[in-house]
Amino acid sequence: MIPPGETIGILGGGQLGRMLAMAAAQLGYRAHVYAPEADSIAAEVCGDFTCAGWYDGEALAKFARACAVVTYEFENVPVPPLAALGGTAVLPGLNALEIAQDRVSEKRFAEELGGRPATWAQVDSPSDLAAALAAVGTPGILKTCRDGYDGKGQWRIASPADAASLDLPAKPLVYETLVDFACEFSVILVRGADGDVRFWDSAQNVHKGGILAHSAVPASALVLAQLGEARDLAARAAAALDYVGVLTLEFFATAQGPVFNEMAPRVHNSGHWTIEGAVTSQFENHIRAICGLPLGATALAAKRVEMRNVIGDAAEDWAAILGDPANHLHLYGKAAVRPGRKMGHVTRLTL
Ligand code: AMP
């Protein structure tokens, strides 16, 4: 067990790191953020900040020596340089990070565990695309295998003729069929160092333009009917990885059951509602898990909980949002407003 008072290292300097650091502080830990960008919104709420690149082995080693445990809030941290962290435990383990960074390895991993992703084909170079379209069919979505987030690095392809006009990067891609889903949902679990697994209620998620717009709990009857299968896959994934911390799997609810979309080895935007809406938040339980503390209860704290992301210039409406006393407003402190940028979120409970 890592006792309160020790320092938790967080790789990545965004809003997930910020909320993890705030949960760590509540439990009496110090947080130390490591991020390449100087204007880290996580560092603002941390006792220590190392601003250095992902390939700076000396800075990583020094950071690790200052931390009792290291976690990550950003799944695109390059893995090989993390060897410089030496003997300091990294939780969740780097095996989860490696798999989740690559859409092909993530789909294979889910398939090996009995999960069903959308029909897919690897596109290692643009010349493979025609064969992938023929094998999978259209319409579909072409995605970069790595570094994509919030709908970035994705191209919708309605017909083979569409594909001809695409200006594709020279990077490995994956093409998958466009899933005809009724709705989307996520399964978020926490697994303790002793293998104790707890699930939060699953949120029904609405994405707009590839970005999460809204999550609501409880989910519809359709999602609840598919939850058993989806949770089994998530639990098998956590066990296979000997996972410690919060793990998220996203699914499409279809007439044929849950279709696996992707896995995030971290706290997740579709779990932000747990801050006010669950007995213990995803952030607190992640800190508890990586420090070897007993896990907190994950039960709902209200009849219904809704979380809406505050995206782009919607953040300018903060006064109006606060004008409704039922709203819990979380702003992440990002200085620059950009279209599609997650600036904060609002949670509402129905008691
Ligand atoms: P991703 O980054 O893969 O999670 O994609 C972001 C969002 O785009 C998803 O949450 C869906 O709303 C949509 N999307 C991604 N892949 C598919 C697919 N194969 N079929 C239908 N919608 C998709």
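All ligand and atom numbering here is 1-based and tracks the order in the structure. In what follows, residues are counted from 1 in the order of the sequence shown.
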Original post:
Counting heavy atoms not belonging to Arg288, are there more than 12 under 6.0 Å from its CZ?
Top reply: yes
Original post:
Charged N to carboxylate O below 4.0 Å: is that the case for Glu229 and Arg231?
Top reply: no
Original post:
Protein residues near ligand 1, heavy-atom distance below 4.0 Å?
Top reply: Arg103, Ile141, Lys143, Gln154, Arg156, Glu176, Thr177, Leu178, Val179, Phe181, Glu184, His207, Gly210, Phe252, Asn261, Glu262
Subject >> Spacing of Cys67 atom SG and Ile10 atom CD1 [to the nearest 0.5 Å] >> reply: 9.0 Å
Original post:
Which pairs pass side chain to side chain donor-acceptor pair (under 3.5 Å) with one or both residues in residues 175-192, sequence neighbours excluded?
Top reply: Lys107-Glu176, Lys143-Glu176, Glu184-His207, Ser186-Asn205, Ser186-Ser270, Arg191-Asp242
Original post:
Does Leu322 have any side-chain contact (heavy atoms from CB on, under 4.5 Å) partners at least two apart in sequence or in another chain, and if so, which?
Top reply: Trp318, Leu329
Exercise answer: donor-acceptor pairs, residues 54-62 side-chain atoms, under 3.5 Å, sequence neighbours excluded:
residue: Asp56; atom: OD1; partner: Glu58; partner atom: N; Å: 3.4
residue: Asp56; atom: OD1; partner: Ala59; partner atom: N; Å: 3.0

